[in-house]
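Quantities reported herein were computed from a predicted structural model and do not represent experimental measurements.
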Amino acid sequence: MADKEPSREAKELAAQVDRDGGRVLALYQEPVGEHWQIFCLLPRGKCEASPYQRDLSPTHVKRLTESIKRLDRFVDPIVVISPRPGVYWTPNGNHRRTVLDKLKADFIPAILVVEPQMVFEVLPLNVEKAHNLKEKSLEVIRMYRALAKEEADTTEESWAFQFESPHFVTLGLLYEENKRFAGGAFAPILRRVDKFLKQTLPKGLETRTERAELVRGTDAALAAVVAKVKKRGINHPFVKNYLLARTTPLTRARKTLPSFEQTFKKLRENLEEFDVAKVRYDDIQRSSIMGAPAGE
C-alpha cells in the first residue's frame with residue numbers, strides 16, 4: 001500500500017486541514033477496506049461533538065481527566081469527519097475531546113475519515129463509555145431526525161445497523177420529552193413488538209410519534225397503579241417492572257405476537273383494571289431477585 005497514490009478526496013481534505021491551521025501527520029489506507037484516512041493534529045477550537053450522539057457524562061469526563069493528567073500524556077486519538085471547512089465533528093471521542101478542551105491543549109490528535117457520510121457509520125463503534133438505555137435511545141433519535149432530513153427517501157430498515165434496535169427510536173422520543181422516563185421497565189415489552197418500519201423516515205417519524213404517545217398513555221396508567229400500591233404502604237424500586245409483568249398481554253408461551261398498537265392498548269386496559277389488593281411486598285421482592293441481571 002505504501003506505493004499507492006492517495007485519493008483526490010484525501011489530498012484535498014489534507015490541504016483543508018493545513019488551511020484550517022492543523023498539521024497532517026500521515027495519509028494512509030486503513031487495513032480492512034483500504035480506505036484513505038488522515039492522521040492529523042487539529043486545532044482544539046475547530047473540533048466539536050457530532051450533533052447526533054449522546055450527552056456527555058460528567059463523571060466519565062472527570063475520570064478521564066484525572067487519568068490523562070496522571071499519565072501526563074494523551075495516547076488515544078479521536079475519530080472525526082469534516083462536514084465543511086473549518087469544522088470537525090467527532091462521532092467517536094467526545095469525552096476525550098472534552099478533556100483536552102478542559103486541559104486547554106492546542107491540538108487534538110485525530111483520525112480524519114475522508115467520507116463525511118461515515119458519521120452515521122462510526123457512531124455504532126463508539127465504545128469509549130458503555131451506553132445506558134437513555135443515552136443510546138437519545139443518540140438514535142437524534143440520528144434519526146438528521147437522516148429524515150438528509151436521506152428522506154430511505155427507510156428505517158436501510159439504517160437498521162446504525163439504529164441497532166427499533167425500540168431505541170420509540171424510547172428516544174419518550175426520553176426527549178422526559179429524561180426520567182421509565183424506559184427500563186417498558187424495554188422488555190418494546191423489544192418484542194417494536195419493529196423497523198418500511199415507511200420513509202419522515203413518514204416513519206410520524207408513526208413513531210404515535211407509538212410514543214401510546215406508550216406515554218400506558219405509562220400514565222402505570223403511574224396511577226403505582227400510586228395506589230404506595231398508598232397501601234408498599235414502596236419498592238421494582239414495583240413498575242412487577243406491575244408490567246403482571247399486566248402484559250405478551251406471554252412467553254404465545255407464538256403469535258399482537259401488533260404494537262394492540263399490545264399497548266391492551267396493556268393500558270389491564271393496568272386500569274388491575275386489583276392492587278393482590279400486590280404483596282414479598283412477591284415484588286422475589287420478582288426483583290429473579291429478574292436481576294447475573295452478577296447483581
Verify same cluster id: [X], [Y] (apolar side-chain graph, 4.5 Å):
{"X": "I78", "Y": "Y28", "value": "no"}
{"X": "L64", "Y": "L56", "value": "yes"}
{"X": "I111", "Y": "V99", "value": "no"}
{"X": "V61", "Y": "L103", "value": "yes"}
{"X": "Y281", "Y": "V276", "value": "yes"}

| query | Between T155 and F196, is a side chain to side chain contact (heavy atoms under 4.5 Å, CB included) present by the stated rule, with each step listed? | reply | CA-CA 9 Å; T155 67; F196 282 123; over 6 Å; no
Can [X] and [Y] be counted as an ion pair, charged N to O under 4.0 angstrom?
{"X": "K203", "Y": "E206", "value": "yes"}
{"X": "E176", "Y": "R145", "value": "yes"}
{"X": "E269", "Y": "K265", "value": "no"}
{"X": "R286", "Y": "D283", "value": "yes"}
{"X": "K69", "Y": "E66", "value": "no"}

What's the spacing between [X] [atom1] and [Y] [atom2] if we round to 0.5 Å?
{"X": "L214", "Y": "F264", "atom1": "CG", "atom2": "CZ", "value": "8.0 Å"}
{"X": "L257", "Y": "K195", "atom1": "CG", "atom2": "NZ", "value": "6.5 Å"}
{"X": "C47", "Y": "L100", "atom1": "SG", "atom2": "CG", "value": "9.0 Å"}
{"X": "T248", "Y": "I189", "atom1": "OG1", "atom2": "CD1", "value": "4.0 Å"}
{"X": "C40", "Y": "L25", "atom1": "SG", "atom2": "CG", "value": "7.0 Å"}
{"X": "K230", "Y": "N235", "atom1": "NZ", "atom2": "CG", "value": "5.0 Å"}

Where do [X] and [Y] come nearest, in terms of heavy atoms and distance?
{"X": "R84", "Y": "W89", "answer": "NH1-CZ2, 4.4 Å"}
{"X": "G184", "Y": "N241", "answer": "O-ND2, 4.2 Å"}
{"X": "G204", "Y": "Q199", "answer": "CA-OE1, 3.5 Å"}
{"X": "F163", "Y": "M143", "answer": "CE2-SD, 4.0 Å"}
{"X": "L133", "Y": "A187", "answer": "CD2-CB, 4.1 Å"}
{"X": "H167", "Y": "L190", "answer": "CB-CB, 3.7 Å"}

If we only count heavy atoms from C-beta on, is the [X] to [Y] side-chain gap below 4.5 Å?
{"X": "R192", "Y": "T263", "result": "no"}
{"X": "L27", "Y": "V24", "result": "yes"}
{"X": "V229", "Y": "R232", "result": "no"}
{"X": "E9", "Y": "E115", "result": "no"}
{"X": "N178", "Y": "L174", "result": "no"}
{"X": "T170", "Y": "F186", "result": "no"}
{"X": "V279", "Y": "Y242", "result": "yes"}
{"X": "L222", "Y": "L243", "result": "yes"}

For the residue pair [Y] / [X], report whether a side-chain donor-acceptor contact shorter than 3.5 Å exists.
{"X": "Q16", "Y": "S82", "value": "yes"}
{"X": "Q162", "Y": "Y144", "value": "no"}
{"X": "E48", "Y": "T90", "value": "no"}
{"X": "Y88", "Y": "D20", "value": "yes"}

Indicate yes or no for a side-chain donor-acceptor contact from [X] to the backbone of [Y] under 3.5 Å, with no hydrogens or angles considered.
{"X": "E156", "Y": "L197", "result": "yes"}
{"X": "S165", "Y": "F168", "result": "no"}
{"X": "T209", "Y": "L205", "result": "yes"}
{"X": "S158", "Y": "T154", "result": "no"}
{"X": "R96", "Y": "P77", "result": "yes"}
{"X": "R73", "Y": "R70", "result": "no"}
{"X": "R44", "Y": "F107", "result": "no"}
{"X": "Q262", "Y": "S259", "result": "yes"}

Residue among H35, E30, E34 satisfying side-chain contact (heavy atoms from CB on, under 4.5 Å) with V32: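 Option passing the side-chain contact (heavy atoms from CB on, under 4.5 Å) with V32: E30.
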E5 and K11: side chain to side chain contact (heavy atoms under 4.5 Å, CB included), yes or no, with the steps?
CA-CA 9 Å; E5 183 75 10; K11 289 191 287 186; 3.1 Å; yes
query = In terms of the angle between their ring planes, are F238 and H236 parallel, tilted or perpendicular, with boundaries placed at 30° and 60°?
reply =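 F238 vs H236 ring planes: perpendicular.
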Does F274 have R246 sitting over its ring (NZ/CZ under 6.0 Å from centre, angle to axis within 45°)?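 That pair does not qualify as a cation-pi contact.
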Q.
Within a 6.0 Å radius of atom CZ on R23, are there more than 12 heavy atoms belonging to other residues, nucleotides or ligands?
A.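 No - once you tally the heavy atoms of other residues, nucleotides and ligands closer than 6.0 Å, there are 12 at most.
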* D275 CG: over 12 foreign heavy atoms closer than 6.0 Å ->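 It does: D275 CG has more than 12 such atoms within range.
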task = Take R142 and E139, measure what salt bridge (Lys or Arg N to Asp or Glu O under 4.0 Å) needs, and give me the verdict at the end.
result = CA-CA 5 Å; R142 290 166 184 169; E139 179 180 279; over 6 Å; no
**Q.** CA sep, side-chain torsions, deciding dist, call: E157, K198, side chain to side chain contact (heavy atoms under 4.5 Å, CB included)
**A.** CA-CA 6 Å; E157 291 180 330; K198 299 182 184 297; 3.1 Å; yes
